Engineer: 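Input: one structure, supplied below.
No hydrogens, no waters, no symmetry mates; every other heavy atom, side chains included, goes into these values. The structure displayed is predicted, hence computed values, not measured ones.
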Number of protein chains: 2
Amino acid sequence: MLNMCSMHADLTARAVIRDRALELFAARGPDGVSVRAVAAAAGVSPALVIHHFGSKDGLRAAVDDHVAAAFDGLLGEAPDAASLAETMLRELPAGSPAYLRRLLLSGDPAGTAIFRRWYEVTRSATQAMIAAGTMTEGRDPVVRAAFLMVNDLVLLLVRDQLAEVLGVDPLGAEGMARWAGEALTVYREGIFR
Amino acid sequence: MLNMCSMHADLTARAVIRDRALELFAARGPDGVSVRAVAAAAGVSPALVIHHFGSKDGLRAAVDDHVAAAFDGLLGEAPDAASLAETMLRELPAGSPAYLRRLLLSGDPAGTAIFRRWYEVTRSATQAMIAAGTMTEGRDPVVRAAFLMVNDLVLLLVRDQLAEVLGVDPLGAEGMARWAGEALTVYREGIFR
DNA sequence: CATCCGGCTGAACGTTTGTTTAGCATGCTG
DNA sequence: CAGCATGCTAAACAAACGTTCAGCCGGATG
């Protein structure tokens with residue numbers, strides 16, 4: 001599959017501003033990036049940013065929607081929910097995972113909606129596996145689905161810290177293999193003797 | 001154990017400023033809180049904040065150190081590493097858990113240091129359990145310890161979103177029981193049939 | 001050709017920011 | 001009592017902020 005970036009490169013000034021804002025917001029947060037910085041990165045005047053999005057908050061909302069739409073598109077075609085975090089990192093345009101991280105942690109309703117959708121996909125996947133007889137239901141299937149979901153999500157949230165402590169990027173090739181291997185071992189055999 | 005708040009209530013203006021800054025920074029982030037807002041919350045003039053901490057960044061650093069010290073104190077006396085997240089929420093002064101969350105996610109060196117210390121405590125605890133024969137070692141003990149650690153840490157990071165989706169605070173009384181129960185079930189029996 | 005309209009800019013606006021400065025009060029010390 | 005450090009404030013500072021406004025430019029339309 002192609003990256004969203006190259007699918008249909010939107011070169012209108014509006015789209016360029018939105019994409020540059022996405023990258024800057026993802027890196028430093030909306031509060032840490034001025035309208036002037038976004039305009040400079042997009043090669044336009046600060047006034048044009050306001051002209052297209054009404055206000056800085058309008059721009060932020062537009063980026064929110066853009067990222068949420070990309071995430072929804074990913075959820076729709078994801079065959080299995082083994083590691084959504086890793087899939088996101090592979091398929092989403094540059095900066096989106098970091099922006100998604102910020103959205104999920106900001107408490108913004110848009111982030112909460114994404115969280116809920118992610119959970120529902122996980123819940124459906126576990127229910128399917130339970131129905132197929134490959135997974136046990138457990139005493140609290142609702143909590144179990146959330147437990148499995150956040151165990152994957154957390155890789156997106158503390159990726160850098162894990163990379164620093166483990167000495168290997170948990171979402172890189174080697175790290176992913178080790179992490180998934182150990183997670184599957186725990187899920188298969190438990191950890192107690 | 002007493003709360004750090006009541007252990008030795010420091011009523012100097014410097015301490016009051018620091019504590020109010022902690023709460024405000026935890027809620028809105030350092031960038032979202034002005035020196036004037038901190039000063040108003042502490043009932044002093046903005047100039048006094050600068051007088052005591054040199055600059056806003058100095059204040060932020062002082063709060064970082066204060067929270068990191070409280071966390072270290074907690075790590076030192078924590079008997080088991082069953083759920084450090086829950087222990088933190090119970091023992092730390094108001095706002096500290098939220099501030100710690102922000103610190104861990106900000107990429108700040110202080111946050112990375114805390115993350116590393118948390119990991120080392122978890123690693124030691126798992127090694128002790130392995131030595132005691134109550135836990136299996138697994139193929140990748142280093143990754144396994146990290147896996148177990150972030151599975152607990154994530155409760156602190158996405159507590160609000162989980163509460164919204166599950167309808168119960170995962171770090172409250174009922175939610176904690178359900179969450180810990182399901183986690184232990186997974187760790188005991190795995191999830192596959 | 002004249003007109004008009006949307007994309008776009010440069011300059012300015014008022015506000016808020018972090019920080020500085022000069023000076024006031026208070027209490028200890030000689 | 002004089003002197004002096006300390007804790008603290010009011011006022012002002014320059015810089016950066018989000019936003020507004022008047023107007024330029026180029027291509028489509030009459």
Engineer: Side chain of B/His51, heavy atoms from C-beta onward: which of C/dG18, D/dG7, C/dT9 has the nearest atom to it?
Structural biologist: D/dG7
Engineer: Measure the distance from CZ on A/Arg14 to C1' on C/dG7 and round it to the nearest whole Å.
Structural biologist: 13 Å
Engineer: Measuring from the side chain of A/Leu48 (C-beta onward, heavy atoms only), which nucleotide among C/dT19, C/dC8, D/dT20 has the closest atom?
Structural biologist: C/dC8
Engineer: Measure from the side-chain heavy atoms of A/Ala47 and tell me the nearest of C/dC8, D/dT20, C/dT21.
Structural biologist: D/dT20
Engineer: Do A/Arg144 and A/Thr136 have a side chain donor and acceptor closer than 3.5 Å?
Structural biologist: yes
Engineer: Let me know the distance between CG of A/Asp31 and C1' of D/dA16, rounded to the nearest Å.
Structural biologist: 14 Å
Engineer: Whether A/Glu23 and A/Arg20 form a salt bridge (side-chain N of Lys/Arg under 4.0 Å from carboxylate O of Asp/Glu) is what I want to check.
Structural biologist: yes
Engineer: Among D/dC17, D/dA10, C/dT19, which nucleotide has an atom closest to any side-chain atom of B/Val35?
Structural biologist: C/dT19
Engineer: Find the distance B/Ile50:CD1 to D/dT9:C1' and express it as a whole number of Å.
Structural biologist: 14 Å
Engineer: In this structure, how many angstroms lie between the P atom of C/dT9 and the CZ atom of A/Arg36, rounded?
Structural biologist: 14 Å
Engineer: Find the distance A/Lys56:NZ to D/dA16:P and express it as a whole number of Å.
Structural biologist: 15 Å
Engineer: Roughly, in whole Å, what's the span from CZ in B/Phe25 to C1' in C/dG18?
Structural biologist: 12 Å
Engineer: Is any side-chain heavy atom of B/Phe115 less than 4.5 Å from a side-chain heavy atom of A/Glu164?
Structural biologist: no
Engineer: With heavy atoms under 4.0 Å as the rule, sort B/Ser34 into base, sugar-phosphate or nothing.
Structural biologist: sugar-phosphate
Engineer: Please give, in whole Å, the distance from D/dT20 P to A/Phe53 CZ?
Structural biologist: 16 Å
Engineer: Closest to the A/Ser55 side chain: C/dT19, D/dT9, D/dT19?
Structural biologist: D/dT19
Engineer: Would you confirm whether A/Arg139, through its side chain, and B/Glu182, through its main-chain N or O, come within 3.5 Å as a donor-acceptor pair?
Structural biologist: no
